Participant: 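Before I ask anything, let me first share the structure, which is written out below as structure tokens.
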Amino acid sequence: MAVSESPRRLLPTPETRALLIKWIIALLVPSCVFTFVWIGEQIVNQIWLGILYPQNQLYDHDLWSLFLQSVFMLIIYLSTIVLAGYLVAADSGRRNMIEIWCDVLFAVVVPLVLLTITTDLLISLGLGAVIWGIYLFVRNRVRRAMHYTPPPPLESLHVMDEQGRTVLVRVARQAGFWFATIFAVISLVADLIFYASGALPDLLMIWVVARTILLPVAGYFLGHLGGIIALRYVVKPDEGVEEKQNNGQAENGRQGWRSNARKVSREQQLHSLSASRAKEEAKDVVPNDRPLQSRGATRIYMLMLMVFVVLYPILDPILFGSGSKGRITSYGDLGFYVILALGLNIVVGFAGLLDLGYVAFFVIGTYSWSLVGSTQFYKLTGIIANPSTFSWFFWPMIIIAALITALWGILLGAPTLRLRGDYLAIVTLGFGEIIPIVFTQMDKYTNGTDGIAGVYPPATPCIGSFCINWSNSPTPYYYLILIIIGACIFANVRLRDSKLGRAWIAIREDEIAASSSGINLVNTKLFAFAAGAFFAGIAGVYHAAKLGTVTPSDFNSSDSIIYLAMVVIGGLGSIPGVLVGAVVVYAINLLILNQLDTYAADPNNFLHFLPQHLSNFSFDNIRNLLFGIILISIMIFRPEGLIPSARRRRELHHTENEDEKLEESSLDQPPGTPEFEAEMPVD
């Protein structure tokens with residue numbers, strides 16, 4: 001396929017003009033908000049000022065920091081142009097333009113505006129999630145009032161030949177080119193205003209002119225890349241799958257691996273799916289009605305998110321000003337909540353075993369490192385522990401402590417294997433109450449209620465003169481928790497897709513049927529408890545090393561409820577949902593609700609009228625009430641969670657698939673009728 005084309009071909013055709021207008025405006029608004037309302041333009045200018053004016057002490061002259069900032073800005077803007085090309089190419093054009101704009105407004109623009117107001121990332125995300133939930137609720141009510149019926153998911157599905165794929169890429173190039181051109185013109189006008197007001201130095205005008213010329217050229221090629229991404233999800237004429245014929249029943253199989261398989265087209269396969277499955281599959285096929293939620297767009301989002309998360313310690317002081325150390329510390333705390341939620345998701349989400357005492361495993365993991373990596377080791381063994389030496393034991397203790405907690409998970413699971421539901425919840429709740437009390441009473445080993453102080457941080461080798469400062473900087477812990485979270489996500493995905501993971505899901509769905517299928521219930525449940533406890537042990541070791549001190553008052557049974565809320569709100573059995581649920585619950589419960597009294601004390605805040613008109617009023621007294629109302633609201637209006645797994649979504653919304661008919665069997669007929677006798681002959 002030729003990349004080059006005449007300038008005349010860049011002019012939008014009547015068929016694509018509506019799509020271009022819809023998506024260019026939808027993406028230009030958040031891009032301009034980030035660039036001019038928040039801090040995007042300031043970051044770019046600060047990078048160039050730091051390079052062009054090395055003698056000025058007002059600017060950052062650290063070349064490594066400037067390089068990382070440049071990488072971040074380049075990936076954000078270039079990914080947005082790629083996204084514009086992909087969305088225009090992937091859109092079927094059937095959704096209303098106003099609806100698209102509202103989705104982008106509440107999903108992107110509102111969080112950016114909240115960032116400028118709160119100057120706190122997690123608080124803005126938590127508030128944004130609440131606003132997004134309210135918007136979805138109102139939108140669904142409006143649709144019902146208007147008797148809106150969504151189109152069939154496969155209505156626009158068609159096989160795309162070579163000519164159609166060529167047109168798709170050309171449309172993506174047009175989208176990238178025009179989006180970049182319009183954005184370059186808007187930026188040029190804004191910079192000319194800044195220059196006329198004296199806010200922009202003369203040297204930066206060279207960059208402004210170069211950017212105005214280069215952006216449309218880059219938009220052309222990046223739009224082409226968006227089209228290439230869209231091509232990966234089109235249905236091609238020669239694309240097909242093979243189905244095995246088994247007594248008249250078709251079973252999906254891999255292409256070419258069975259001799260008794262027949263080949264069907266991808267289109268036929270999608271049309272043969274149930275309504276719920278077809279809806280899930282169709283959202284990734286290009287073109288579709290929801291390109292913003294398709295797999296291609298999701299991968300672009302993930303790229304931007306990963307770059308932001310990895311470079312966040314460099315970006316935090318630029319994006320949010322002073323207080324970076326405290327914010328990065330809080331994000332490190334959020335990290336072990338994420339690990340705990342991932343571990344509990346194995347027990348509750350995969351295996352369906354209700355565990356209300358999960359905090360006990362966290363306590364065991366925390367004390368495992370505290371007893372070894374502190375002066376308490378001398379009291380226990382009489383061996384003098386050199387901090388510079390014993391700090392190196394942190395790395396093997398991550399695995400050792402995790403194995404110890406996994407053993408305790410087996411010890412908890414063994415006597416409870418015959419319990420289900422509420423009975424299992426009560427037993428695990430009791431276990432969660434007992435363990436912290438046990439550590440409180442072991443004065444000789446744990447210092448009782450006084451806890452253990454002076455827990456050693458990790459140790460890492462120095463590279464030349466560069467040494468990682470674990471004692472005074474939260475940044476090393478931030479990157480450490482990112483690495484641990486990445487490893488835990490990888491392990492969760494592998495466990496979910498393994499034979500053991502499928503056995504867990506089978507037990508969750510129907511324990512009797514799973515046992516009849518040959519699944520060993522005892523071993524499978526014990527593996528679930530052990531795997532969940534394993535992750536809690538990892539989180540405990542990290543928490544002890546980061547905090548530097550451990551006391552029994554840091555743990556209580558209500559923490560297990562918070563961990564469970566993260567899993568349920570995010571989506572049972574959904575790994576992305578658990579990650580989002582941990583962030584949302586942490587932001588709402590530990591940041592937003594915890595700071596309401598601070599906001600109410602500010603005379604300029606709209607919450608200030610409450611303590612003025614209500615004597616002795618304090619948000620801290622009703623914090624649990626507010627959190628409970630939020631949990632109830634989410635469970636009523638979003639019972640499957642924020643990002644549910646496909647299986648969970650189908651379970652809770654199967655009645656909405658009106659076009660999906662259940663196949664009747666002989667057991668559905670009344671005994672004695674001709675239909676029953678025909679299906680159930682008696683010899």
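Keep in mind it's a predicted model, so treat the numbers as computed, not measured.
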Participant: Measuring only between side-chain heavy atoms, which start at C-beta, is P436 closer than 4.5 Å to P552?
Facilitator: no
Participant: What distance do L356 atom CG and S560 atom OG have between them, rounded to the nearest 0.5 Å?
Facilitator: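 The CG atom of L356 sits 7.0 Å away from the OG atom of S560.
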Participant: May I have the list of side-chain donor-acceptor pairs in residues 619-627 shorter than 3.5 Å, sequence neighbours left out?
Facilitator:
unit_1 : atom_1 : unit_2 : atom_2 : d
R623   : NE     : N589   : O      : 3.3
R623   : NH1    : N594   : OD1    : 3.3
R623   : NH2    : N589   : O      : 2.7

Participant: With sequence neighbours excluded, tell me which residues meet side chain to side chain donor-acceptor pair (under 3.5 Å) with D559.
Facilitator: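 Checked D559 against side chain to side chain donor-acceptor pair (under 3.5 Å); zero matches.
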Participant: Check side chain to side chain donor-acceptor pair (under 3.5 Å) between D62 and all other residues, then give those that pass, not counting sequence neighbours.
Facilitator: none
Participant: Can you tell me if Y301 uses its side chain to pair, donor with acceptor, with the backbone of L292 under 3.5 Å?
Facilitator: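 A pair under 3.5 Å: yes.
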Participant: Would you mind writing out the side-chain donor-acceptor pairs for residues 565-584 within the sub-3.5 Å range, not counting sequence neighbours?
Facilitator:
unit_1 : atom_1 : unit_2 : atom_2 : d
S574   : OG     : G577   : N      : 3.1
S574   : OG     : I643   : O      : 2.7

Participant: If you look only at pairs with a residue in residues 475-495, which of them pass as a ring-ring contact (aromatic ring centres under 6.0 Å, His included), with sequence neighbours excluded?
Facilitator: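 Non-adjacent pairs meeting ring-ring contact (aromatic ring centres under 6.0 Å, His included): W470-Y477.
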Participant: Going through the distances and angles, do I314 and Q69 end up as a side-chain contact (heavy atoms from CB on, under 4.5 Å)?
Facilitator: CA-CA 7 Å; I314 301 295; Q69 295 173 37; 4.1 Å; yes
Participant: Restricting to ring pair (Phe, Tyr, Trp, His ring centres under 6.0 Å), what partner residues turn up for Y586, sequence neighbours left out?
Facilitator: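 Y337.
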Participant: With F362, which residues qualify under ring pair (Phe, Tyr, Trp, His ring centres under 6.0 Å), at least two apart?
Facilitator: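 Ring pair (Phe, Tyr, Trp, His ring centres under 6.0 Å) check on F362 returns F336, H543, F555.
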Participant: Give me the atom names and distance for the closest heavy-atom approach of P313 to T475.
Facilitator: CB-CG2, 3.9 Å
Participant: Run the ring pair (Phe, Tyr, Trp, His ring centres under 6.0 Å) test against F137 and tell me which residues pass, sequence neighbours left out.
Facilitator: F637
Participant: Kindly indicate, with the supporting measurements, whether the criterion side-chain contact (heavy atoms from CB on, under 4.5 Å) is fulfilled by V37 and V113.
Facilitator: CA-CA 8 Å; V37 178; V113 173; 5.7 Å; no
Participant: Indicate the atoms forming the closest heavy-atom contact of G413 with F529, along with that distance.
Facilitator: CA-CD1, 3.7 Å
Participant: Checking the side chain of T366 only, and the main-chain atoms of V541 only, is there a donor and an acceptor separated by less than 3.5 Å?
Facilitator: no
Participant: What residue pairs, at least two apart or across chains, pass side chain to side chain donor-acceptor pair (under 3.5 Å) with a residue in residues 437-457?
Facilitator: Q376-N447
Participant: Tell me, yes or no, whether the heavy-atom count around M635 atom CE, taken from other residues, nucleotides or ligands under 6.0 Å, exceeds 12.
Facilitator: yes
Participant: Check whether any side-chain heavy atom of V110 sits under 4.5 Å from a side-chain heavy atom of W132, and report yes or no.
Facilitator: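 No - every pair of side-chain heavy atoms lies 4.5 Å or more apart.
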Participant: Residues in ring pair (Phe, Tyr, Trp, His ring centres under 6.0 Å) with F534, at least two apart?
Facilitator: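 With sequence neighbours excluded, F534 shows a ring pair (Phe, Tyr, Trp, His ring centres under 6.0 Å) to no residue whatsoever.
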Participant: So which atom in A539 and which in I339 form the shortest heavy-atom distance, rounded to 0.1 Å?
Facilitator: CB-CG2, 4.0 Å
Participant: Using a 3.5 Å distance criterion without hydrogens, assess whether the side chain of N345 forms a donor-acceptor pair with backbone atoms of A341.
Facilitator: no
Participant: Assign the ring pair F390 / F393 to parallel, tilted or perpendicular, where the plane angle (0 to 90°) is split at 30° and 60°.
Facilitator: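 Ring orientation of F390 relative to F393: tilted.
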Participant: What are the two closest heavy atoms between D597 and S618, and how far apart are they?
Facilitator: OD2-OG, 3.2 Å
Participant: Between R638 (side chain) and G641 (backbone), is there a donor-acceptor pair under 3.5 Å?
Facilitator: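 At least one qualifying donor-acceptor pair exists.
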Participant: For T549 and V455: C-alpha separation, side-chain torsions, deciding distance, then whether side-chain contact (heavy atoms from CB on, under 4.5 Å) applies.
Facilitator: CA-CA 6 Å; T549 180; V455 180; 5.6 Å; no
Participant: Could you measure the distance from the OH atom of Y312 to the CG atom of L319? Nearest 0.5 Å is fine.
Facilitator: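 Reported to 0.5 Å precision, the distance equals 7.0 Å.
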Participant: For G352, is there any backbone N or O sitting under 3.5 Å from a side-chain donor or acceptor partner on W504?
Facilitator: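 Flag not set: sc W504 to bb G352 has no pair under 3.5 Å.
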Participant: I need the minimum non-hydrogen distance between P30 and L112, along with the two atoms involved.
Facilitator: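 Answer, listing the atom of P30 first, then L112: O-CD1, 3.7 Å.
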Participant: With a 4.5 Å limit on heavy-atom distance, are the side chains of N492 and F350 in contact?
Facilitator: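 A side-chain contact under 4.5 Å exists here.
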Participant: Tell me whether the count of non-hydrogen atoms from other residues, nucleotides or ligands lying under 6.0 Å of CZ in R494 goes above 12.
Facilitator: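 Open: at most 12 neighbouring heavy atoms sit under 6.0 Å from CZ of R494.
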Participant: If we ignore hydrogens and angles and just use 3.5 Å, is the side chain of S370 paired with the main-chain N or O of I452 as donor and acceptor?
Facilitator: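 Not confirmed, S370 side chain does not pair with I452 backbone.
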Participant: For I76, is there any backbone N or O sitting under 3.5 Å from a side-chain donor or acceptor partner on S79?
Facilitator: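 Checking the backbone N and O of I76 against the side chain of S79, no donor-acceptor pair under 3.5 Å is found.
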Participant: Any side-chain donor paired with an acceptor under 3.5 Å for T551 and D554?
Facilitator: yes
Participant: What residue pairs, at least two apart or across chains, pass side chain to side chain donor-acceptor pair (under 3.5 Å) with a residue in residues 428-439?
Facilitator: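 Passing the test, one end in residues 428-439: E433-S557.
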Participant: Identify, with sequence neighbours excluded, every residue that meets side chain to side chain donor-acceptor pair (under 3.5 Å) alongside Y77.
Facilitator: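 Here the qualifying residues are T35.
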Participant: Any side-chain to backbone donor/acceptor pair from S330 onto R327? Under 3.5 Å, distance only.
Facilitator: yes
Participant: Please give me the minimum heavy-atom distance between F361 and T405, naming the atom from each residue.
Facilitator: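 The answer is O-CG2, 3.5 Å.
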Participant: Do the ring planes of Y563 and Y358 sit parallel (below 30°), tilted (30 to 60°) or perpendicular (above 60°)?
Facilitator: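 Ring orientation of Y563 relative to Y358: perpendicular.
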Participant: Step by step, would you call V29 with V104 a side-chain contact (heavy atoms from CB on, under 4.5 Å)?
Facilitator: CA-CA 9 Å; V29 172; V104 175; over 6 Å; no
